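One structure below.
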Protein chains: 2
Amino acid sequence: MVLGHRATTSAEFSLDDLSGATGRLDILLRCITSSFHLSHGIRTDVETHLILQGPPNPPRTLRFVGSELKYLNPDERSTAALVRNALSAKNEGETKASPGVYISSRSYPDVISLLAKNSQIYYLKEDGHDMRKMPSFEQDATFVLGDDRDLTPEEEEILSQYNPLKASLGKKSLHADHCIVIVNNELDRRCEP
Amino acid sequence: MVLGHRATTSAEFSLDDLSGATGRLDILLRCITSSFHLSHGIRTDVETHLILQGPPNPPRTLRFVGSELKYLNPDERSTAALVRNALSAKNEGETKASPGVYISSRSYPDVISLLAKNSQIYYLKEDGHDMRKMPSFEQDATFVLGDDRDLTPEEEEILSQYNPLKASLGKKSLHADHCIVIVNNELDRRCEP
């Protein structure tokens with residue numbers, strides 16, 4: 001799950017200025033690429049939630065489901081087109097915008113409470129426990145990240161209700177999409193014979 | 001070093017179709033982002049070479065120098081603009097196109113022979129030795145990757161003259177830019193106290 005603190009909730013954005021006028025939606029687009037793309041296919045065992053909290057209609061939550069995804073290419077522009085299409089969908093409850101892409105008005109507290117029912121929550125922080133040394137995951141794992149801004153104290157407070165484990169990937173502060181690459185690699189390695 | 005087997009060597013490409021009409025230059029752009037970007041700055045100890053081998057004027061080599069880089073943003077489009085600007089430079093020998101971005105007509109054999117003088121060459125392959133278990137690097141390290149295509153037998157043959165160590169990041173085949181993220185993380189961790 002990635003929190004887009006000011007990511008646009010309007011479909012009225014230009015594909016030619018993704019990093020300028022979208023509340024840094026570009027960061028979330030790269031998170032989708034790093035969540036799902038392998039050289040020869042899509043990770044079918046991954047789900048990623050983007051929580052868009054910017055104007056004009058927050059919150060909007062996009063849920064990407066690897067086992068259903070189609071039309072996802074690795075470049076930012078085409079992923080932005082998928083997101084824009086989803087944001088233009090009229091929705092009550094959760095609506096399927098395209099194969100594997102769902103949109104709803106769920107808020108961050110709604111989504112984290114749903115995810116915590118069936119997965120262990122991990123909070124990625126530089127000062128957490130070294131992820132490489134953490135015990136193997138015995139259930140599904142949800143990783144919570146901010147965009148280019150850390151979680152606010154209020155968001156951390158909500159997260160703390162779900163017994164998150166603080167996990168670190170190293171001492172350097174990395175872009176959210178790069179964190180996802182490293183998490184996927186760590187999980188891959190744990191599944192290798 | 002990333003080999004762009006058919007990446008355009010013309011500045012006449014549109015920023016609106018980076019994954020379509022550029023010979024997959026988009027892959028190389030993402031490699032630049034993953035080579036250099038930290039959350040709060042640029043990796044000043046990294047250099048990345050992109051070897052563009054597509055029409056109409058191959059080869060062109062772009063050398064990005066972290067300690068000098070300016071104007072590098074993490075989105076594909078703005079990185080593409082830097083590359084396009086460099087490709088439009090007239091050059092004899094190696095020319096500085098913008099701060100930290102150099103362009104030349106060096107070929108892959110030229111570049112690998114230069115790099116091998118001062119660094120150990122690593123070839124990233126799924127069936128190589130686990131990078132996590134490799135001994136610490138006692139000199140600069142150069143990692144060689146293909147774009148969405150593996151190195152050709154001829155390119156591998158050239159590489160083999162420089163005693164490359166085959167290094168693996170895991171069994172799954174990953175995008176080149178994701179490989180760079182993982183390599184940077186491994187090197188970061190080795191430098192941590």
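Proteins come first, then strands; the chains are lettered A, B, ... in the order of their sequence lines, and each starts at number 1. Excluded from the calculations below are hydrogen atoms, water molecules and symmetry mates; all remaining heavy atoms, backbone and side chain alike, are included. Owing to the predicted nature of the structure, the values given are computational and were not obtained by experimental measurement.
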Name the member of B:P74, B:G41, B:S19, B:A176 that forms the most heavy-atom pairs with chain A at distances under 4.5 Å. B:P74
Taking OH in B:Y71 as the centre, count heavy atoms belonging to other residues, nucleotides or ligands within less than 6.0 Å. Is the count above 12? no
If hydrophobic clusters are built from ILVMFWY residues whose side chains come within less than 4.5 Å, do B:F36 and B:V83 share one? yes
In terms of hydrophobic clustering (I, L, V, M, F, W, Y; side-chain heavy atoms under 4.5 Å; direct or indirect links), are B:M131 and A:V183 co-clustered? yes
Just to verify, what does B:R6 make a side chain to side chain donor-acceptor pair (under 3.5 Å) with, not counting sequence neighbours? B:D148
Is chain A contacted by the side chain of B:D177, its backbone, both, or neither, given a heavy-atom distance below 4.5 Å? neither
Counting only heavy atoms closer than 4.5 Å, note whether B:E76 contacts chain A via side chain, backbone, both or neither. both
Taking the side chain from A:D75 and the backbone from B:D26, do they hold a donor-acceptor pair closer than 3.5 Å? no
Please say which of A:K171, A:K172, A:R132 ends up in a side chain to side chain contact (heavy atoms under 4.5 Å, CB included) with B:R189. A:R132
Who wins among B:V181, B:D16, B:I182 for the most heavy-atom pairs under 4.5 Å with chain A? B:D16
Non-hydrogen atoms of chain B under 4.5 Å away: do they reach the side chain of A:L174, the backbone, both or neither? both
Is atom CD of A:E138 surrounded by more than 12 heavy atoms (other residues, nucleotides or ligands) closer than 6.0 Å? no
Proximal component of B:R149, with respect to chain A [non-hydrogen, under 4.5 Å]: neither
Considering only heavy atoms, which portion of A:R190 lies under 4.5 Å from any heavy atom of chain B: side chain, backbone, both, or neither? neither
Name the option with the most non-hydrogen atom pairs under 4.5 Å to chain A; the candidates are B:H40, B:R30, B:E186. B:R30
So, taking the atom named NE2 in B:H37 and the one named NE2 in A:H178, what distance separates them when rounded to the nearest 0.5 Å? 8.0 Å
Out of curiosity, does B:L145 fall in the hydrophobic cluster containing B:L25 (side-chain heavy atoms, cut-off under 4.5 Å, transitive links)? yes
Crowded around B:E12 CD? As in, over 12 foreign heavy atoms under 6.0 Å? no
Determine which residues belonging to residues 107-120 of chain A lie within contact range of chain B, meaning some heavy atom pair is under 4.5 Å apart, and list them by number or answer 'none'. none
Examine distances only and state if a side-chain atom of B:H175 and a backbone atom of A:L38 form a donor-acceptor pair shorter than 3.5 Å. yes
Does the B:N185 side chain pair with the main chain of A:G170, one donor and one acceptor, at a distance under 3.5 Å? no
So for A:N184, is it side chain, backbone, both, or neither that comes closer than 4.5 Å to the heavy atoms of chain B? neither
Group every Ile, Leu, Val, Met, Phe, Trp and Tyr by side-chain heavy-atom contacts under 4.5 Å, then state whether A:I42 and A:L187 land in the same group. yes
Please answer: with hydrophobic residues joined when any side-chain heavy atoms are less than 4.5 Å apart, are A:L82 and A:L28 in the same cluster? yes
